[in-house]
Amino acid sequence: MQHENRASDIVVVGGGFAGLVTAAALSDLGADVLVLESLGSEPRAFRGELVHPRGVRELARMRLVDPLIGAGAVRIEGFAAFAPGDSDPVLLPYGDGGLGLAIDHALLLRTLRSEIAERGRVRLVAGVRVQDVLRRGGRVVGVRDEGGREHPATLVVAADGRHSRVRARLGIPATSLLLSHSVAIALPGDVLVQPGHGHVFSGAPGPVLAYPFGERRVRICIDVPRRPPASARVTSSDAADAQPEGARAPEAPLTRERLRTSLEEQYAPRLPDAMRRALRAALERAPPAGAGNHAVSTSICAVAGAALVGDAGGCSHPITATGMTMAVRDAATLASCVREHGLTDRALVAYQRRRFGFVRAREAFTHALYEVLGGSSPGADALCDGMFRWWRGSAAARRASMRVLSGEDDRGLAFAAEYVQVAAWASAVVLRRALRDGEGHRAAVRLRSLFASASANLALAVQKAASAAALERTTELRTIGPRG
Ligand SMILES: Cc1cc2nc3c(=O)[nH]c(=O)nc-3n(C[C@H](O)[C@H](O)[C@H](O)COP(=O)(O)OP(=O)(O)OC[C@H]3O[C@@H](n4cnc5c(N)ncnc54)[C@H](O)[C@@H]3O)c2cc1C
């Protein structure tokens with residue numbers, strides 16, 4: 001006989017970043033929230049640590065910024081971007097006095113959990129894995145955990161990450177692609193060229209991101225593409241990450257020793273001296289560990305009685321560090337829809353209508369930026385040149401790009417306008433070099449590749465904008481069948 005729990009207003013599945021901020025936002029409306037988290041201990045998998053100003057503003061509205069700063073979060077002023085082989089970065093400030101935050105991910109979760117638990121309306125239960133949703137009359141009316149225990153609720157929120165089981169049980173289609181792996185390493189000391197800034201390095205087989213995440217602590221995240229030009233493939237420490245939905249990656253994983261050699265030989269030389277030395281010392285101390293980088297795209301984010309938030313609703317490559325900003329926006333958007341319409345399907349219709357504009361724009365610009373910084377073709381190399389020239393040319397260009405990249409400007413059109421400028425600069429650079437060096441054939445190859453990339457990325461942006469516009473016209477929710 002199954003144990004029947006007391007009904008909650010809301011059950012949130014997943015006590016990661018998205019689940020916790022959603023619980024905070026919804027409990028602030030006076031709802032009783034039950035958060036079910038499958039892990040009984042701290043997560044092993046590496047996850048995001050840097051939140052852009054737009055996310056920080058939402059966290060401040062939820063009264064979560066002061067506790068995070070109290071726990072040791074550091075302020076981020078913007079980014080320093082390094083062109084291939086260049087030691088002089090382009091600075092991309094957030095602008096308008098906006099500040100980001102960065103903090104060790106495990107400490108972030110611990111701080112949010114204790115802060116939210118103190119507020120009274122949220123009950124957090126760890127070590128409970130949700131297995132399925134409860135259905136009645138085409139609606140979701142709760143969840144069932146692996147022990148067979150039922151947790152009825154008026155609203156179910158799936159915050160169980162990119163490989164969301166709840167999403168699958170709701171029958172919400174998603175495409176999932178394993179793009180690359182990130183090797184994440186903590187470096188001690190002041191090794192940043194531009195203190196208080198995130199750093200992006202291009203010119204290696206994959207982009208490298210570094211940022212301060214505590215007092216004299218720097219995190220370096222090295223992207224190892226799935227099919228890199230020379231050698232490497234990383235062994236993930238996170239079994240779920242190594243496995244995209246459905247099938248396991250077909251290639252044999254790279255040994256840790258070969259990965260270390262690749263990091264030493266292909267990535268370290270692209271870094272400034274102090275960071276290179278710190279990376280080499282860290283690689284001597286411990287074998288590198290990582291997490292998979294997926295692109296997951298969902299077709300909808302709500303059905304009758306349930307909604308997806310955070311990575312369960314889709315994710316992009318972490319190069320733009322927008323996953324948590326996106327998650328906290330999801331939480332704030334869902335809460336504002338519930339404030340307007342109560343715990344009803346009208347709230348979920350409104351949530352679906354409002355959510356996808358930035359999601360689709362982010363999918364398009366992350367794809368384009370990863371291609372440019374990964375430099376996997378002559379056209380991508382040319383676009384990378386063009387991007388840095390565009391940024392060096394004007395402060396307005398740097399501000400506009402940063403507004404797009406940090407999620408401040410969420411219009412798909414703003415990204416497309418930036419991209420066209422970059423492609424125009426890139427073409428001009430290729431043509432100027434061809435005239436100077438008389439290398440017509442090489443220029444033709446680069447231009448062909450550049451136009452192919454540019455037209456594919458602009459077509460993708462248009463397709464994403466059309467998909468977002470269609471979802472903005474949602475008028476009713478899909479019901480779910482008796483078995484999802
Ligand atoms: C390498 C890397 C670097 C990144 N860097 C950044 C960054 O700097 N800035 C940024 O904004 N974003 C970054 N991101 C993205 C960011 O980590 C995610 O967007 C964010 O963690 C999403 O939070 P989430 O709660 O949706 O998912 P997750 O963090 O994956 O949490 C999901 C939670 O659900 C639990 N769960 C899963 N299944 C069940 C179940 N059946 N029942 C109960 N619980 C369940 C899991 O245990 C987990 O605690 C990065 C991602 C990666 C991979």
Side-chain angles (χ1 to χ4, degrees), residues 11-23 34-52 54-56 59 76 79 100-106 108-109 112-113 124-133 143-146 151 156-169 178-185 198 200 209-211 213 219-224 234 236-238 240-241 289-296 308-331 362 366 406-407:
V11 167
V12 175
V13 182
F17 180 78
L20 293 172
V21 293
T22 303
L34 171 65
V35 180
L36 300 173
E37 165 56 46
S38 59
L39 293 178
S41 55
E42 287 205 343
R44 269 188 322 126
F46 180 75
R47 288 287 182 271
E49 299 180 320
L50 195 157
V51 185
H52 293 305
R54 184 157 188 176
V56 174
L59 287 172
I76 304 290
F79 273 72
L101 281 184
I103 179 170
D104 172 82
H105 190 79
L108 167 75
L109 294 188
L112 293 179
R113 279 177 193 167
L124 261 147
V125 186
V128 174
R129 178 176 293 277
V130 168
Q131 172 85 18
D132 203 351
V133 295
V143 297
R144 180 181 300 107
D145 67 36
E146 267 184 348
H151 305 271
V156 169
V157 178
D160 52 344
R162 50 190 147 159
H163 304 293
S164 171
R165 173 187 288 265
V166 175
R167 180 179 71 217
R169 302 308 294 152
L178 177 64
L179 301 168
S180 62
H181 287 81
S182 280
V183 175
I185 300 173
V200 180
L209 184 67
Y211 50 84
F213 72 110
R219 181 80 71 196
I220 184 165
C221 294
I222 301 171
D223 181 85
V224 181
V234 63
S236 176
S237 65
D238 174 356
D241 278 339
N293 297 320
H294 292 80
V296 176
L308 312 179
V309 295
D311 282 8
C315 64
S316 298
H317 187 283
I319 184 62
T320 54
T322 43
M324 293 193 292
T325 296
M326 186 70 231
V328 72
R329 287 181 61 168
D330 284 354
R362 173 183 177 236
T366 306
S406 64

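One is the number of the first residue; the rest follow in order along the sequence. Whatever order the structure lists ligands and atoms in, that order sets their numbers, starting from 1. Here the structure is a predicted model, which means the values were calculated and not measured.
Of the candidates Pro318, Ala327, Gly100, Gly127, the one placing a heavy atom closest to atom 50 (C) of ligand 1 is Pro318. Proximity annotation for atom 8 (O) of ligand 1: of Leu50, Leu109, Val183, Asp330, Leu50 comes nearest, heavy atoms only. Proximity annotation for atom 16 (C) of ligand 1: of Gly14, Ser164, Ala184, Gly48, Gly48 comes nearest, heavy atoms only.
Residue contacts with ligand 1: Ala312 is placed with no nitrogen or oxygen under 3.5 Å of a nitrogen or oxygen of the ligand (distance criterion only). The shortest N or O to N or O distance between Asp311 and ligand 1 is under 3.5 Å. The shortest N or O to N or O distance between Glu37 and ligand 1 is below 3.5 Å. The distance criterion of under 3.5 Å between nitrogen or oxygen atoms is met by Ser38 with respect to ligand 1. Looking at ligand 1, you'll find an N or O of Ala18 within less than 3.5 Å of one of its N or O atoms. The distance criterion of under 3.5 Å between nitrogen or oxygen atoms is not met by Val309 with respect to ligand 1.
A heavy-atom separation below 4.0 Å is not found between Val51 and ligand 1. Ligand 1 lies out of reach of Leu209, whose nearest heavy atom is not under 4.0 Å from it.
Close contacts of ligand 1 with Ala321, meaning ligand atoms under 4.0 Å from a residue heavy atom, involve 7 (C), 8 (O), 9 (N), 10 (C), 11 (O). Of all atoms in ligand 1, numbered sequentially from 1 with element shown, those under 4.0 Å from a heavy atom of Gly292 are 53 (C).
Each of Leu36, Val143, Val157, Val156 was checked for a side-chain contact (heavy atoms from CB on, under 4.5 Å) with Val12, and the lone residue meeting it is Val157.
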For this session: Let me see the working for Arg219 and Asp104 under side-chain contact (heavy atoms from CB on, under 4.5 Å), right down to the final yes or no.
Result: CA-CA 9 Å; Arg219 181 80 71 196; Asp104 172 82; 3.3 Å; yes
